[in-house]
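The structure appears right after this line, and notes come after that.
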Amino acid sequence: MNMIQRNKVYFIMTGLNESFQKTETVSVMNTDAQEVIDDALHILEKENVLQNRAIDYALARLYSRFVRLIGLQGMKLSPEADQWWQQLKDFMENDIHEELSQVGGPQFIT
């Protein structure tokens, strides 16, 4: 991941985080999702994030957790959070797919 990609994913993650914090519904699923968002943002904020694979692992975890929460457990996102999630998914499936696949991230059919 380069600095431009890091800045883009940070922008998207910040938007997802802010929209998620507006959610009034408190549930185990929302708490789980918020924890994985917080973890990824914390790693993105580190100075040396581009020098190691920590962010790739964090984003792969976030992706798999969100897919599980939304797809298997039926977590509902607000329209705003869903827009941010779709942007993040698109970024991960297209822009950084190669990096994520190197750390055991999701395999996308292209």
Side-chain angles (χ1 to χ4, degrees):
M1 179 179 301
N2 61 40
M3 186 57 85
I4 294 170
Q5 291 171 322
R6 180 247 174 238
N7 291 341
K8 183 176 180 179
V9 76
Y10 186 77
F11 174 76
I12 295 169
M13 290 289 305
T14 301
L16 180 62
N17 186 44
E18 289 172 359
S19 66
F20 225 82
Q21 290 177 349
K22 293 177 188 175
T23 304
E24 296 177 9
T25 307
V26 177
S27 69
V28 172
M29 288 185 287
N30 286 5
T31 302
D32 192 22
Q34 186 64 59
E35 285 176 5
V36 75
I37 291 170
D38 291 343
D39 289 345
L41 280 172
H42 178 71
I43 291 169
L44 273 168
E45 291 167 350
K46 292 183 178 181
E47 289 182 21
N48 66 345
V49 69
L50 298 178
Q51 298 171 359
N52 60 47
R53 304 305 300 239
I55 191 55
D56 296 336
Y57 285 107
L59 289 173
R61 270 193 315 272
L62 182 137
Y63 184 90
S64 64
R65 183 91 43 96
F66 260 72
V67 167
R68 180 179 51 85
L69 288 169
I70 294 168
L72 297 177
Q73 296 180 349
M75 180 177 75
K76 302 291 183 209
L77 298 176
S78 69
E80 181 183 1
D82 187 54
Q83 286 179 339
W84 287 111
W85 166 240
Q86 294 303 321
Q87 286 185 43
L88 184 61
K89 250 177 63 173
D90 181 61
F91 177 78
M92 293 194 308
E93 291 173 358
N94 296 303
D95 296 12
I96 60 168
H97 170 252
E98 183 69 29
E99 288 90 342
L100 295 181
S101 64
Q102 291 176 9
V103 297
Q107 301 298 312
F108 306 111
I109 299 172
T110 55

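- Contact record, Ala40 with Met13: CB-CE, 3.7 Å, taken as the closest heavy-atom pair.
- Under a hydrophobic-cluster definition in which Ile, Leu, Val, Met, Phe, Trp and Tyr are linked whenever side-chain heavy atoms come within less than 4.5 Å, directly or via other members, Met3 and Ile12 are assigned to the same cluster.
- With hydrogens and angles disregarded, a donor-acceptor distance shorter than 3.5 Å links the side chain of Gln5 to the backbone of Asp95.
- Distance check, rounded to the nearest 0.5 Å: CG of Leu59 to CG of Asp39 gives 11.5 Å.
- Pairs passing the salt bridge (Lys or Arg N to Asp or Glu O under 4.0 Å) check and including a residue from residues 58-71, sequence neighbours excluded, read Asp32-Arg65, Asp32-Arg68.
- The CD1 atom of Ile37 sits 10.5 Å away from atom OG1 of Thr14, with the distance rounded to the nearest 0.5 Å.
- In this structure the side chain of Val36 never reaches within 4.5 angstrom of the side chain of Leu69, judged on heavy atoms.
- No donor-acceptor contact under 3.5 angstrom links the side chains of Gln86 and Asp90, judged on distance only.
- Using a 4.5 Å cut-off on side-chain heavy atoms (C-beta onward), Asn17 and Gln21 make contact.
- Shown here are the side-chain contact (heavy atoms from CB on, under 4.5 Å) partners of Lys46, two or more places apart in sequence or in another chain: His42, Asn48.
- Here the side chains of Val67 and Trp85 are in contact, with some heavy-atom distance below 4.5 Å.
- Across Ala81 and Ser19, no two heavy atoms sit closer than the pair CA-OG, 3.2 Å.
- Ring geometry, Trp84 versus Phe11: the interplanar angle exceeds 60°, so the pair is classed perpendicular (tilted spans 30 to 60°).
- To the nearest 0.5 Å, atom NZ of residue Lys8 and atom CG of residue Leu88 are 10.5 Å apart.
- Looking only at side-chain heavy atoms (C-beta outward), Tyr10 and Arg6 come within less than 4.5 Å of each other.
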Open item on the list: If you apply the rule side-chain hydrogen bond (donor to acceptor under 3.5 Å, both in side chains), what do you find for Gln34 with Asn30, and how did you get there?
Closed with: CA-CA 6 Å; Gln34 186 64 59; Asn30 286 5; over 6 Å; no
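- Interatomic distance, CG of Leu16 versus CG of Leu62, reported as 7.0 Å (0.5 Å rounding).
- Atom-to-atom distance recorded for Leu44:CG and Ile55:CD1 is 3.5 Å, nearest 0.5 angstrom.
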